[in-house]
K.L.:
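What follows is a single structure, and I will ask about it in a moment.
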Amino acid sequence: MAAPAQPKKIVAPTVSQINAEFVTQLACKYWAPHIKKKSPFDIKVIEEIYEKEIVKSRFAIRKIMLLEFSQYLENYLWMNYSPEVSSKAYLMSICCMVNEKFRENVPAWEEVDLIRSQVQQLISLPMWMGLQPARLELELKKTPKLRKFWNLIKKNDEKMDPEAREQAYQERRFLSQLIQKFISVLKSIPLSEPVTMDKVHYCERFIELMIDLEALLPTRRWFNTILDDSHLLVHCYLSSLVHREEDGHLFSQLLDMLKFYTGFEINDQTGNALTENEMTTIHYDRITSLQRAAFAHFPELYDFALSNVAEVDARDSLVKFFGPLSSNTLHQVASYLCLLPTLPKNEDTTFDKEFLLELLVSRHERRISQIQQLNQMPLYPTEKIIWDENIVPTEYYSGEGCLALPKLNLQFLTLHDYLLRNFNLFRLESTYEIRQDIEDSVSRMKPWQSEYGGVVFGGWARMAQPIVAFTVVEVAKPNIGENWPTRVRADVTINLNVRDHIKDEWEGLRKHDVCFLITVRPTKPYGTKFDRRRPFIEQVGLVYVRGCEIQGMLDDKGRVIEDGPEPRPNLRGESRTFRVFLDPNQYQQDMTNTIQNGAEDVYDTFNVIMRRKPKENNFKAVLETIRNLMNTDCVVPDWLHDIILGYGDPSSAHYSKMPNQIATLDFNDTFLSIEHLKASFPGHNVKVTVNDPALQIPPFRITFPVRSGKGKKRKDADGEEDDTEEAKTLIVEPHVIPNRGPYPYNQPKRNTIQFTHTQIEAIRAGMQPGLTMVVGPPGTGKTDVAVQIISNIYHNFPEQRTLIVTHSNQALNQLFEKIMALDIDERHLLRLGHGEEELETEKDFSRYGRVNYVLARRIELLEEVKRLQKSLGVPGDASYTCETAGYFFLYQVMSRWEEYMSRVKNTGSASPDAAEVATFFPFHEYFANAPQPIFKGRSYEEDMEIAEGCFRHIKKIFTQLEEFRASELLRSGLDRSKYLLVKEAKIIAMTCTHAALKRHDLVKLGFKYDNILMEEAAQILEIETFIPLLLQNPQDGFSRLKRWIMIGDHHQLPPVIKNMAFQKYSNMEQSLFTRFVRVGVPTVDLDAQGRARASLCNLYNWRYKNLGNLPHVQLLPEFSTANAGLLYDFQLINVEDFQGVGESEPNPYFYQNLGEAEYVVALFMYMCLLGYPADKISILTTYNGQKHLIRDIINRRCGNNPLIGRPNKVTTVDRFQGQQNDYILLSLVRTRAVGHLRDVRRLVVAMSRARLGLYIFARVSLFQNCFELTPAFSQLTARPLHLHIIPTEPFPTSRKNGERPPHEVQVIKNMPQMANFVYNMYMHLIQTTHHYHQTFLQLPPAMVEEGEEVQSQETEMEAEEETGSVQANLTPSPTDASLSQETPTSQPDCSNQTEAASSHTEDTSALCDITTAAEPVSAAAEAATPQDGPSVPAETK
């Protein structure tokens, strides 16, 4: 297999190169945003740039990048455009800029209706003018209503003036003519002679355009007929380009995609998906119409006409019947079918025979159905796919060319199309990760060719082992109607002569873990070095890759060791054999290839087995889930179906348009007071059912005006006014929660958050049926809203079950912790999947944790029954089981209660006596342990409510025991956990990954739910958002789903896609949430944040609709107080090259910037020395390389230093999404190109993590030019670009934010100055600490309060002095690769502070090996601690 050529990475120009460019000089004169006096617009400038910079450089990306980055499009081309000044150069310049925006994945425009309307002029019914007349007539006959429209079009055309008509005709024929032009270009490509790649790229791009038009229903509806009439596919398949192996590879792949979409199983006019039966009917109709034409007009085809369809619809049969016919006869057959224009008499056809034959055969041959194709597809990638650059591009995807990949757009043809595109992309994204793992493991094993031609492994890999023996042990018979085996099993033997912990990892392979079997045949001799920059395959000689799934390890007797609670048997020796399942589809394909083509048997060649990390290895289960979904009748609720596909009215699923809208809802503890309620519905008239203000207390039931039908208003003015008044009136009914019992824990937990009116709207929408989308900017209380919605649904609809889905375990934990603080019964909560152990609570909400809870709770409740029985003096053992307790309740408790009620209930005659309520109460003794007195004796009503509360408390015990009765009948933990999942739990939570992995099991169990709430919805992959909708079987053909609440923020980062091509080209990073927002689904935008200072919020609130601040952000002291020791609450600090170096890139995309890293750590140390708690500071950066570098520097400088410590986190912006801290230090790393911070979503995340202080280190000249970042950077650059510090102001300070400080402000110009300053500050602190210690120790004992502590300190000091004075090793030692090639620095390394604080002053300087800027030491040099090496006298320093 030929190794693919490695694509080149596009190197962005540096700032200095940008400044030196001719374009930059022009920009500074005409359009640069920071230039105040600009020259007037000149069309010649555009012409000159186009000719000199763009055309002359042959559209070089570097030149176009420079132009686009200089804001040429926004500030010059767009704003000055008018038809009068338009020219070819002008339009082409705009096209180049827009293309560059799309290549960089930066939006060129918002969704604009103008663009849609322009495209519609080219693609709509009038474009059928391009059809040949007979075909047009046939199509209009098929769909009668179109003829009416066609006649209308013709009438309108007649009314047009000739010029407008000509223009309209040109637009309508545009695509037909474009196709003809393409066919002529395609035919000009020879079979073997050299060809310009521009032609090939044009052909590829053209087919991509055709696919895009076919894959969207609004364009496909009309275009598919035009495409079919042009016979484009036939021309392409017969072209020379398809047969050129190198140049035509991508073209052929794109062509297969186009063929797939042209024959897609959908009715173009109605948009309905076609079933297999309907597709068969269409196929039969085509064949029979061909047979009828043959019978009537072509005697030579009688045999064909009289055969049955199954006999003649295979390709070979059709070629046999039609092959012998002449070209003219074939043309006549085609024209009878309206495929070609009629052939005039006595004239020969202009088409060649090959084309005519292919036209008839390809149109009438039997096609395998899409679902069959899918079911026959292997799920594991093979070497052919893994290293195919057109399908799985490398990390250096530049965005220039097109690829043979599906795209996730706004709309999809059918649910099958939707699932299939997601299936393919998910498969390829996991293939990319598999490729990285294989390349890493196999190259570590260093396969070389031995002297005898075999393989010898010169290295070793943790994740891969050489195979000692491989045998296929079972090939089971196929199922009826299938041609592949039901299962194929094999045994793989390896020799585990490795370290114990690695051996344990191999032996710990569990059932369903996926491994890969690899064949390598290296050609390189022993000792050859591997070069990662050269193609991988030819270096290691990789030949085959096949996937397999572990069944288990075999024991000594050859039996599979099952996973279970029993301890695993101890096996002797190093040899281990695993039983694995192979992919039956792949096995069948390989065997067919071996038998038919004489190829070698792949399964005799494997010599390496590779495993993967379990967390990254769930792709097969997810793919199986998607495939199963496509094989079942996918039932999505009717109200969601069209929205998911992107059609119809995007607001049709909003609660206001749902037919089953609920008029009255109990808001439970949502409102804190009646004033809060009134403020939550601005513009509404609130009518309270009770007038007494003392009774107007929560909880409230609200009755909303629900409009029936379309809400038609009356015509008369008065009526209309009444209607509006009525529509704005809310009827509020306060109600009292029934008393639950006399114990303090019986009191319901209450919400304490004063929700804003938009949060209330989100809660109201979430309680109503339909689709609710909540956009939650940073700090706006998304989780609080989610939890309140869950609580309200739980109380309003106790019989319904709610499924919670999040992206991460961390978000699920936060939700659960808040749910537990509300009035929700713990027994109704269940958490599926791993991660429940991270909950900050002693309670276990996992399946088995809940089973244990139920069993323990059962025992507690039966104890209560025993106590009740004893208090009532009833003999026997009522508390033996839940069943006996039930009988006890029925015969003993209920009888007493009914008797009591008959005695004290008000009969209506005499006024009831409050004393009687207490006197006759039968359960006094049982409630003796409750707060006394139970009955207040103030009024009959109050005491009666207390008595009923006591009885509710008792009744709840027996209700719970009745629910727990099943756990007595079910004996195994597994059965009990299944019962809990299916019957008991009301709120079930899981991550989206768990849902995708376990769908099959959940459906099989009969799992049911009514509502779904998704948190972090904008971070979940499209397909992983969709699967949770289908975790249950439909009821009578309908989904029981009533509500779908999605909460997320599409202005923050999308799902993580590792491969740039899938992320950019296929738009795989688009979440379903983001797509819904783009389609126009109504959202509730939360508009008040309570996380950050108002000034910090301004850095990102421009991205949101009306994002303001909650009152406490202005009022609380922590927000109004300044940041101690720092003049500003946020600052952008310019960092120039350090020792001539800015950013560096030791590995691809592994960017580092030593100057910034050192500066960030110096500021962190400075803050800690002032007294800031280290855990309140987090350091963020935009690249992994910088993250590792900063961690390294912290380890050397201050990691183990008790005076300083470590920051809360050092991580990337992407990883820190969803988290926050008081102070954020941010390093932007790049100095050559802005890089992925150009994605505004990443900027929003970066700016919104800090609560009180944000300090950004960056190359200002680079970032301030970037158009997308302007709103934030204009605010940042308005402040000084050098760090302003107040060293004499300790933390915390009383200075108000924005006040001038009483202390002196110091301006730090660069990193070495800051490093020096921190060093001196640190030394000063050490010396004052030492001086303080000496003075403190000389005081008389009476003055020392902590005598014992001082004693112990003295003892420690004596011990230290005995070991000799501590000195530092000044010899730098090498460190890891991430720093080895970095430039020098000047920074303190403060390790072992305890010794520094307590040893002599003359030794202090030696304690911290801190070098000033005058004596730089490499950051790579490991700072020495006292134990490191030979001591050097302090004086030498």
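As a basis for the values below, the full set of heavy atoms in this structure was taken, side chains included, without hydrogen atoms, waters or symmetry mates.
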K.L.:
Looking only at atom types and distance, does a side-chain atom of E1069 sit under 3.5 Å from a main-chain N or O of V1056, one as donor and one as acceptor?
P.N.:
no

K.L.:
For Y1009 and Q800, which I'm curious about, is there any donor-acceptor pair between the side chains at under 3.5 Å?
P.N.:
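Note: Y1009 and Q800 side chains miss the donor-acceptor criterion.
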
K.L.:
With side chains defined as the heavy atoms from C-beta onward, is the minimum distance between F412 and Y647 less than 4.5 Å?
P.N.:
no

K.L.:
Any chance the side chains of Y794 and N668 put a donor and an acceptor closer than 3.5 Å?
P.N.:
no

K.L.:
Can D784 and K818 be counted as an ion pair, charged N to O under 4.0 angstrom?
P.N.:
yes

K.L.:
For N792 and Q788, which I'm curious about, is there any donor-acceptor pair between the side chains at under 3.5 Å?
P.N.:
yes

K.L.:
Give a yes or no on whether K749 atom NZ has more than 12 heavy-atom contacts from other residues, nucleotides or ligands under 6.0 Å away.
P.N.:
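Yes.
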
K.L.:
Just checking, any donor-acceptor pair under 3.5 angstrom between side chains of K1209 and Q1219?
P.N.:
yes

K.L.:
Are D1010 and K1042 within salt-bridge range, i.e. N to O under 4.0 Å?
P.N.:
yes

K.L.:
Not counting sequence neighbours, which residues clear ring pair (Phe, Tyr, Trp, His ring centres under 6.0 Å) with H795? List them please.
P.N.:
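H795 satisfies ring pair (Phe, Tyr, Trp, His ring centres under 6.0 Å) with no other residue.
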
K.L.:
Could you tell me whether R1251 and D1222 have a side-chain N and a carboxylate O separated by less than 4.0 Å?
P.N.:
yes

K.L.:
Check whether any side-chain heavy atom of I662 lies under 4.5 Å from a side-chain heavy atom of F797, and answer yes or no.
P.N.:
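When only atoms from C-beta onward are counted, F797 and I662 do touch, with a gap below 4.5 Å.
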
K.L.:
Does the pair K101/E74 count as a salt bridge with the N-to-O cut at 4.0 Å?
P.N.:
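The answer is yes: the pair qualifies as a salt bridge.
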
K.L.:
Measure the CG-CG distance between L410 and N1067 for me, rounded to the nearest 0.5 Å.
P.N.:
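Taking CG in L410 and CG in N1067, the distance rounds to 8.5 Å.
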
K.L.:
According to the interplanar angle, ranging from 0 to 90°, do the rings of F1073 and H1050 count as parallel (below 30°), tilted (30 to 60°) or perpendicular (above 60°)?
P.N.:
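F1073 vs H1050 ring planes: tilted.
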
K.L.:
Taking the side chain as every heavy atom from C-beta outward, state whether T991 and H807 have any pair of such atoms under 4.5 Å apart.
P.N.:
no

K.L.:
So, S651 versus K657: side-chain donor-acceptor pair below 3.5 Å or not?
P.N.:
yes

K.L.:
For a quick test of reading the model, state the closest non-hydrogen atom pair linking S1178 to F1216 and the distance between them.
P.N.:
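Looks like OG-CZ, 3.8 Å.
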
K.L.:
Would Y1172 and Y1223 count as a close aromatic pair, with their ring centres under 6.0 Å?
P.N.:
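Yes.
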
K.L.:
Between R1242 and E1268, does any NZ, NE, NH1 or NH2 come within less than 4.0 Å of an OD or OE carboxylate oxygen?
P.N.:
no

K.L.:
Tell me, do L1226 and L1228 make a side-chain contact under 4.5 Å, heavy atoms counted?
P.N.:
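L1226 vs L1228: side chains touch.
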
K.L.:
Is the terminal nitrogen or CZ of R701 (NZ for Lys, CZ for Arg) located under 6.0 angstrom from the six-membered ring centre of F667 and within 45° of that ring's axis?
P.N.:
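No, a cation-pi geometry is absent between R701 and F667.
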
K.L.:
Are I697 and I674 packed together at the side-chain level, in the sense that at least one heavy-atom pair is separated by less than 4.5 angstrom?
P.N.:
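Counting from C-beta outward, I697 and I674 never come under 4.5 Å.
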
K.L.:
Tell me whether the rings of H676 and F671 are parallel (<30°), tilted (30 to 60°) or perpendicular (>60°).
P.N.:
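Geometry flag for F671 against H676: perpendicular rings.
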
K.L.:
Is it the case that the side chain of R1075 and the backbone of S1071 share a donor-acceptor pair, with hydrogens and angles ignored and the cut-off at 3.5 Å?
P.N.:
no

K.L.:
Between Q1070 and N409, is there a donor-acceptor pair closer than 3.5 Å when you use the side chain of the first and the backbone of the second?
P.N.:
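A pair under 3.5 Å: yes.
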
K.L.:
Within a 6.0 Å radius of atom CG on N1106, are there more than 12 heavy atoms belonging to other residues, nucleotides or ligands?
P.N.:
no

K.L.:
Donor-acceptor pair, R1091 side chain versus T780 backbone, under 3.5 Å?
P.N.:
no

K.L.:
Check this for me: does any side-chain nitrogen of one of D1049 and K782 sit under 4.0 Å from a carboxylate oxygen of the other?
P.N.:
no

